[in-house]
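Reviewing the structure listed below.
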Amino acid sequence: MMIREPVFFENNNEGLDVLTEIIRSTRKRIFLVADTHTSVHCYPLLEKKINAQQLIVIPAGEKFKTPDTCMYIWKRLLESGMTRFDQLIALGGGCVSDITGFAGSVYKRGVSFIFIPTTLLSMTDAAIGGKNGVDFDGYKNLLGTINQPENVLIWPGFLLTLTERELKNGYAETLKHALIADAEFWHELRIDPSLVELEQIIERSAVIKHTIVCSDPFEQGARKLLNFGHTIGHAIESFHLKEGGDILHGEAIAAGMCIEAILSSVTGLDRTQVEIIIGRLKSVYKDKMPVIPPADALLPYLIADKKSTPGSLRFALLRRIGDAVYDVAVDIQTINKAITDFNRF
Ligand SMILES: NC(=O)c1ccc[n+]([C@@H]2O[C@H](COP(=O)([O-])OP(=O)(O)OC[C@H]3O[C@@H](n4cnc5c(N)ncnc54)[C@H](O)[C@@H]3O)[C@@H](O)[C@H]2O)c1
């Protein structure tokens, strides 16, 4: 399946001009979805150049990645007369692209949508691969589609207004891409990269994801590798969200990667590498590494996980740094032991 590579633009005004020229060249009316932060920090940089027909502003954050927000978008699209010949654009982080991609995949049986990611997490991961969706009834991404954006346009300049915590949040997926696919990249990644270093990191990380997705767009095989850290990570995230905790996706995934690195002894990851991985992740996330509840508390979320099959929890695990395998069955007792082990680190 041919999926367009993300397009990377230089981090200067000319880079942004080239990006907006690509949008203008569609010659379509633009309907743009932003959230309450990106409408303030990012939209003004594009506003005059793309001359959108309609700006739809949704509330920011995971709490609003819901069917209700989708309904709001559909209503606004309908009221403002969007047709299948128009262009939908998401300007924002992973929440905005996940919701907009889903809304656009369903509206009038599907309209063309473009992603302009504005967080590190969305530039390196969420905007790439065509997974769209919303959370439902406390479960992450329960409703969604796999449907590719027309284009993913990446301009690192948007990162300037992102908080330090949000930058680290995004870094988790880059660390994951290195761990599953590129040992050399993993060794080059520093604990605290500068914005200039991030420009190169974004491209390398996004290309790893794009390459894996192209080899298996509908997650029948290799794409499952991208789930490393996410089976436990999503359960931790859902657990804390339900408890009303303050947790970001990348922080949950960082904790998930620690536990799944320990579980990877099943697939041959040696203990020294486990210690290196956990040491690095703890140095990056420090006090933002979430508390991990006992496996029993995570179980309902693990069972609801889309990757689980009836009666079996399946994981993507590491054989060594830079090399992963998928569909490894692990039982709940082993997960419990891994959590106890991690709490001693
Ligand atoms: N579809 C996928 O393949 C995929 C992959 C990974 C993660 N995700 C999803 O992505 C979401 C997390 O993504 P995220 O962290 O980008 O979330 P997000 O969209 O909520 O953005 C994080 C915060 O940063 C703000 N923000 C965004 N860009 C900004 C900017 N340039 N300046 C200032 N503030 C800005 C947002 O308003 C929000 O408050 C989760 O819902 C996760 O499930 C999806």
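Order of appearance sets the numbers: ligands from 1, and atoms from 1 within every ligand. Since we're looking at a predicted model, the values are computed, not measured.
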task = Say whether Asn336 and Gln333, considering side chains only, have a donor N or O and an acceptor N or O under 3.5 Å apart.
result = no

ask   = By number and element, which atoms of ligand 1 are closer than 4.0 Å to a non-hydrogen atom of Lys140?
value = 40 (C), 41 (O), 42 (C), 43 (O)

ask   = Between Asn147 and Lys131, does any side-chain donor sit less than 3.5 Å from a side-chain acceptor?
value = no

request  = Would you mind reporting whether Val325 and Arg319 have side-chain heavy atoms less than 4.5 Å apart?
outcome  = yes

key: Contact atoms of ligand 1, heavy-atom distance to Asp98 under 4.0 Å   = 1 (N), 2 (C), 8 (N), 9 (C), 44 (C)

ask   = Where is the nearest protein heavy atom to atom 26 (N) of ligand 1: which residue, which atom, and how far?
value = Leu162 CD1, 3.8 Å

Donor + acceptor pair across side chains of His249, Glu237 (<3.5 Å) = yes

ask   = Do any nitrogen or oxygen atoms of Gly94 lie less than 3.5 angstrom from nitrogen or oxygen atoms of ligand 1?
value = yes

Check: Ser122 N/O within less than 3.5 Å of ligand 1 N/O = no

note = the protein heavy atom lying closest to atom 33 (C) of ligand 1 turns out to be Thr161 O, 3.3 Å

query = Are Leu121 and Leu281 joined in one hydrophobic group, where the rule is that I, L, V, M, F, W and Y side chains link up if heavy atoms are under 4.5 Å apart?
reply = no

message = Counting only nitrogen or oxygen atoms and a 3.5 angstrom limit, does Lys65 reach ligand 1?
response = yes

ask   = Is the shortest N/O to N/O distance between Phe158 and ligand 1 below 3.5 Å?
value = yes

ask   = Is Lys209 near ligand 1, meaning one of its heavy atoms is under 4.0 Å from it?
value = yes

For Cys42, atoms of ligand 1 separated by under 4.0 Å from a heavy atom = 30 (C), 31 (N)

query = Taking C-beta and beyond as the side chain, do Val57 and Asp35 meet within less than 4.5 Å on heavy atoms?
reply = no

inquiry  = Among all protein heavy atoms in this structure, tell me which lies nearest to atom 20 (O) of ligand 1, with the distance rounded to 0.1 Å.
reply    = Cys95 SG, 3.3 Å

task = Identify, for atom 12 (C) of ligand 1, the protein heavy atom at the shortest distance, and state residue, atom and that distance.
result = Leu121 CD2, 3.8 Å

task = Using distance alone, with no hydrogens and no angle criterion, decide if Gln87 and Ser112 have a side-chain donor and acceptor under 3.5 Å apart.
result = yes

key: Close N or O approach (Thr118, ligand 1; < 3.5 Å)   = yes

query = With no hydrogens and no angle check, do the side chains of Ser97 and Thr100 hold a donor and an acceptor under 3.5 Å apart?
reply = no

note = Heavy atoms of Cys258 and Met289 approach each other most closely as SG-CE, 3.8 Å

message = Using 30° and 60° as the class boundaries, would you call the ring planes of His230 and His234 parallel, tilted or perpendicular?
response = perpendicular

ask   = Hey, is ligand 1 close enough to Asp35 that some N/O pair sits below 3.5 Å?
value = yes

inquiry  = Need the ligand 1 atom indices (1-based, order shown) with element for anything under 4.0 Å from a heavy-atom of Asn169.
reply    = 15 (O)

task = Identify the heavy atoms of Gly81 and Asp86 that sit nearest to each other, and give their distance.
result = O-OD2, 3.9 Å

task = Give the numbers and elements of all ligand 1 atoms closer than 4.0 Å to a heavy atom of Gly93.
result = 16 (O), 19 (O)

key: Atom indices of ligand 1, in the order listed, that fall short of 4.0 Å to a heavy atom of Thr38   = 27 (C), 28 (N), 29 (C)

note = When distances are taken from atom 21 (O) of ligand 1, the protein heavy atom at minimum range is Thr119 CG2, 3.7 Å

query = Cluster question for you: counting only ILVMFWY and a side-chain heavy-atom cut-off of under 4.5 Å, with indirect links fine, are Ile259 and Leu226 together?
reply = yes

Which of the ligand 1 atoms, numbered from 1, are nearer than 4.0 Å to a heavy atom of Ala60 = 37 (O), 39 (O)

remark   = All heavy atoms of Phe185 vs all of Ala178, minimum pair found to be CD2-CB, 3.7 Å

query = If you count the atoms of ligand 1 from 1 in the order shown, which ones are under 4.0 Å from a heavy atom of His37?
reply = 25 (C), 36 (C), 37 (O), 38 (C), 39 (O)

message = Below 30° counts as parallel, above 60° as perpendicular, anything between as tilted: where do the rings of Trp155 and Phe158 land?
response = perpendicular

ask   = Is Gly129 near ligand 1, meaning one of its heavy atoms is under 4.0 Å from it?
value = no

task = Could you tell me the residue and atom name of the protein heavy atom closest to atom 41 (O) of ligand 1, and the distance to it rounded to 0.1 Å?
result = Glu62 OE1, 2.5 Å

note = Closest non-hydrogen contact found for Pro6 with Ile154 is CB-CD1, 3.9 Å

query = What protein heavy atom is closest to atom 6 (C) of ligand 1, reported as residue, atom name and distance in Å?
reply = Asp125 OD2, 3.4 Å

ask   = Is it the side chain (CB and beyond), the backbone, both or neither of Asn132 that lies under 4.0 Å from ligand 1, heavy atoms counted?
value = neither

Shortest protein heavy-atom distance from atom 8 (N) of ligand 1, along with the residue and atom involved = Ala126 CB, 3.6 Å

